[in-house]
Structures are given as C-alpha cells and as structure tokens.
Amino acid sequence: SVFLASGATLVDAYKWATALSYIGAFISMYVFLKTLTTRMSALVGAVWYVWVPYRFNMNQLRGAIGEEFAWDFWPGVFWASVLLFQKKYWYGFLTGALLWALLVWSHTPLFAMIVPLWMLFLAAQWFRTKNFRAIIVSVGSLLFGMGLVAWTWVPILMERSYLSYNLHEAIFQDNFVSWQQLLNQPHILDFGLTYQRFYAIGWPILFIALLTLLTRPNVLQWIVLAMGAFSVYLMRPASIPLWETVPLLSPTINFPQRFLALTGFCGSILAALFVQKHKKSTVLLSFLVILLGIPFITLNQNREPNLAVLNSPVLTTTDVWGEFRPNTAPADIKENHNYYASLPLITIDPAPKTAPTCTQTSISLNCTVATSDPATVSIRQLFFPGWIASADGKSIPVRLGQYGLIEFSVPHAADTVSLRYHGTPVANTAKVISLGFLCCYLLLGIKTFYTGRTRKKS
C-alpha cells in the first residue's frame, strides 16, 4: 500500500515488497543465529533461509506477500527470547511483543505453526539456564503481542458463525503432498519451465538432517530435527487423524504443504549449528543450497486468465470465492455469477423519480436519488453484520434480503441513501483492546528508555 500510494505500479509494488521480505528474512535469521553460533555459522544459516524451495514457491507461484513477511518475524521472536534468557528482560519483552504482533498481523497460519517449536526452544533454554523468569516474560511477550493486534484475530475467532468455513474443513484433504513431490525437485541447472516441483523439501535440507544425525546432535539439534520430521509427517496423508481431531488445525493452517515453511526454518537452523561444529563445511554448505535452489528461480509462469471467475461480481465484506465467505451467500452464487453481475448496484421499489447516482468505496455506498414514500432498497452487497444504512442522514436498520443481499426500508421520501460498514460489536471491541495495549506498550517503552538512560549516566 505504501508503494502504491507513492505512485508505483501494482507489479513494481509487489516486486519491492518481495525484495524487502527477502532482505528482512536474511537479516532476521542472521541476527537470531548470531546469538547461538558464530558469525560465519549465522551467515550460512541466513543464506539457507532465503534459498529453500518453498521460498520461491511463495514468491513466484503464489504471490503470498503476508506469508513472505511472516518469515521475517519467525527468527525475530526466537531472538527476543534469547535476549530474555540473557536477562535483558525489558528489552526482550518489548522486542518480543512487537515482533509477535507483526507476525500475527502478517500471517495467522504461520504464527500458529511456529508456536510449538518456540515453546520447545524455551524449554531447551530453561534446561540450560534454569531461568524461570525468562520463561514467564517470554510467554507474557507473546500474549501482549497478541493483545496489540487483537483487532486482527479476535473477529476471526469470535465471528465464525457469520462465515462459511466449510472450505477449511474440506480443503486439507486434497492438499497432502506425495513423496515424489517432496523429494523430486528440478534437475540441477535445468532452466526450463517443465519441472514444476513446487512442493519439494529440497535435497540440502534432507542432507543436513542426515549429517546432523550422524554427528551426535545436541538438545537443540534434536528438537529442531524432531519438529522438521513432524512437519513432513503433517504434509502426508498419514496425518489425517490429526487434521480431523486437533481443534482449529485445518481452519488455521488450511493447506498441509504450508509446513514446508517450517521444514525450511528447521533446515536453516541445522545448517548453522552444523557449521558451528564443523567450520570447514561452510563454503560447501553455502554452495550446495544455492546450487540446488537455482532451478526454482525459473518456476514462474503466467496463470490462467480466469479473473472473471475469481473476481466476484457482488460487493462483499469478505472474499466470496475464497476462504472466508458470508454464510448468507447463496449456494449457487458461483455457478450463476453472470446473473448476479447483471443486477444493478442499487434497486429501489417502487422505482424512484430519478435514476440514482452513486459513488462507492470498499466500505461505503452513497446514492443521490428521489425515493417514493415508502420504498424498499436492495444493495448488491452480501449481507454481513456491521453495515448501517441511512436516508437523509437518519439511520435505518438493514436486513437479509433476497439472494443474500443487503436490504432495508426507507420510511419516507429521501434525497440521499447511504450504506456504510461500521464494523461488528466484536470487531470494534477488539480495536479498543488493541488501542489499550498500544498505550501500555508506549508507556512501557518510554519508561524503559528513560530508565536505561538514567542508569548510563549514573
């Protein structure tokens, strides 16, 4: 949005955002690994982090900007916890809370995915340091970070009854990854577009996992190995019982192949830890991951031009064809999209004296029209709580109308009819909660800053 507002084209804005996400991920992983290993080991791990196959999948095939930026914050939340175990409590807390908030804001599925590994990491650090206070403050930073962005996840959690989630419960069953997809990546240095192995783990990750097993892994290496192996398990059909029984697993993660992100994260950490023990492998491991990742750069291809099907002809608060759809949308809306597209933006019965002149945004509709008294108004906007109508500035309750659209009655002749999305009570309450946490965060930040300056002077 920042790039678009500055005048960049949509394509250039995407390129800039992608570039920033790559640079941010590299720096973030380097800073985290530097607290655990040597400078050269951290450099190798950071190189691996931006060269794993799934990274190119997100960039060139899916265009998942939110997921790409979540990779920037994964290492950061671990780094903040390391600060806490180094007894830098206030700085670790404030840094962790901010990074957790950015992670939740960027991509909720990747936030949920990383929490189990992060908790195991805390356990490993506790066994090493016996610093229980760092555990408490780490968990506190997580909860505080979630409070900062309560407005992003509370409505999703609390307003499930308004949305059709059937896609979530069904989609994972068709998205498990075969062993051939996981293991058969493009031929080395083959720059054609024929080898589209979008869901490969990557041979370097498997190679480093095997080397780690053969070289007496420590506690942290065992944890990372176990989580990487568990990620592979969750991408295979054998894990269906877990997907069907673990609460919120399928609605939150959606696609089993997303766990390729976690295997890439684990592989990068293993590479850094291996180099720390075997420094002579630095150049070899760096060259290996880059060489075997080169073919993935060329996997991009133009998508099928099916925008007429993907883009909804009906205005909606949420995505009509996508993962979150108002449950008021008719079951046949996709099959009959041309019919819905033919509906006028606003329909008034009885017919108004003059044709309506309307201006609209994503959350508002304003029409200048002379209505009869009374009149029923139907808007080509799928019904969802939080919309408020008005006639000449006086509020009118809206209701669910025909075809799942918004409908309301104008009790008197009116010159102006408006519709605006004001948000649901849950969403608006969550915004207040986030503002409260933000005020507390700023006060704590100011206190920490001035306390640090006072100590330096003394």
Side-chain angles (χ1 to χ4, degrees), residues 1 4-5 105 149-164 311-330 333 337 340-436 438:
S1 298
L4 291 174
W105 192 4
V149 288
W151 60 274
T152 67
W153 60 270
V154 169
I156 296 176
L157 188 65
M158 302 294 292
E159 296 179 343
R160 286 173 59 89
S161 59
Y162 300 133
L163 302 172
S164 297
N311 292 335
S312 167
V314 183
L315 291 177
T316 173
T317 312
T318 53
D319 186 358
V320 172
W321 306 140
E323 299 158 3
F324 304 98
R325 182 168 75 180
N327 55 19
T328 56
I333 190 170
H337 64 90
Y340 293 100
S342 66
L343 293 174
L345 182 62
I346 180 171
T347 303
I348 302 175
D349 185 29
K353 300 175 182 178
T354 59
T357 302
C358 300
T359 58
Q360 65 177 107
T361 68
S362 60
I363 61 169
S364 66
L365 175 71
N366 293 285
C367 297
T368 301
V369 58
T371 65
S372 300
D373 185 13
T376 299
V377 178
S378 177
I379 307 294
R380 194 181 66 190
Q381 160 73 53
L382 289 174
F383 177 84
F384 189 86
W387 287 93
I388 297 178
S390 63
D392 290 342
K394 296 182 178 180
S395 297
I396 301 173
V398 300
R399 60 178 179 267
L400 176 62
Q402 194 175 14
Y403 312 122
L405 304 180
I406 288 179
E407 187 177 281
F408 56 92
S409 297
V410 178
H412 52 76
D415 297 322
T416 303
V417 175
S418 303
L419 183 72
R420 188 170 185 85
Y421 184 73
H422 289 264
T424 62
V426 168
N428 292 330
T429 301
K431 292 176 183 177
V432 174
I433 293 173
S434 293
L435 285 174
L438 178 60

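Atom set for the values below is all heavy atoms of this structure, side chains included, hydrogens, waters and symmetry mates excluded.
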(request) State, to 0.1 Å, how close Arg399 and Ser409 come at their nearest heavy-atom pair, and which atoms those are. (result) NH2-OG, 2.9 Å

(message) Are Thr416 and Ser418 packed together at the side-chain level, in the sense that at least one heavy-atom pair is separated by less than 4.5 angstrom?
(response) yes

(request) To the nearest 0.5 angstrom, please state how far the CH2 atom of Trp151 sits from the CG atom of Leu435. (result) 10.5 Å

(message) Once rounded to the nearest 0.5 Å, what's the spacing between atom CZ of Phe408 and atom OG of Ser390?
(response) 7.5 Å

(message) So if I apply the side-chain contact (heavy atoms from CB on, under 4.5 Å) rule between Glu407 and each of Thr376, Ile379, Thr347, which one comes out positive?
(response) Thr376

(message) In terms of relative ring orientation, are Tyr162 and Phe384 parallel, tilted or perpendicular, with 30° and 60° separating the classes?
(response) perpendicular

(message) Quick check: closest heavy atoms across Ile396 and Ala391, and the distance to 0.1 Å?
(response) CD1-CB, 3.5 Å

(message) Just to verify, what does Thr429 make a side chain to side chain contact (heavy atoms under 4.5 Å, CB included) with, not counting sequence neighbours?
(response) Ile433

(request) Determine the minimum heavy-atom distance between Leu405 and Arg380, stating which atoms define it. (result) CD1-CA, 4.1 Å

(message) Within the structure provided, determine whether Ser434 and Thr152 are in side-chain contact (heavy-atom separation under 4.5 Å).
(response) no

(request) Determine yes or no for a side-chain-to-main-chain donor-acceptor pair under 3.5 angstrom, with Asp415 supplying the side chain and Asp392 the backbone. (result) no

(message) Once rounded to the nearest 0.5 Å, what's the spacing between atom CG of Leu382 and atom CD1 of Ile406?
(response) 8.0 Å

(message) Does any part of the side chain of Ile346, heavy atoms only, come nearer than 4.5 Å to the side chain of Cys358, both counted from C-beta?
(response) yes

(message) The criterion is side chain to side chain contact (heavy atoms under 4.5 Å, CB included); which residues satisfy it with Ser364, sequence neighbours excluded?
(response) Thr361, Asn366, Arg420

(request) Say whether, by atom type as modelled, one donor and one acceptor occur between the side chain of Thr371 and the main chain of Pro352 under 3.5 angstrom. (result) no

(message) Can you confirm whether Leu365 sits close enough to Gln381 that some side-chain heavy atom of one is under 4.5 Å from a side-chain heavy atom of the other?
(response) no

(message) To check you understand the geometry: which heavy-atom pair defines the closest contact between Pro374 and Pro350, and what is its length?
(response) O-CD, 3.5 Å

(message) With a 4.5 Å cut-off on side-chain heavy atoms, are Leu419 and Val398 touching?
(response) yes

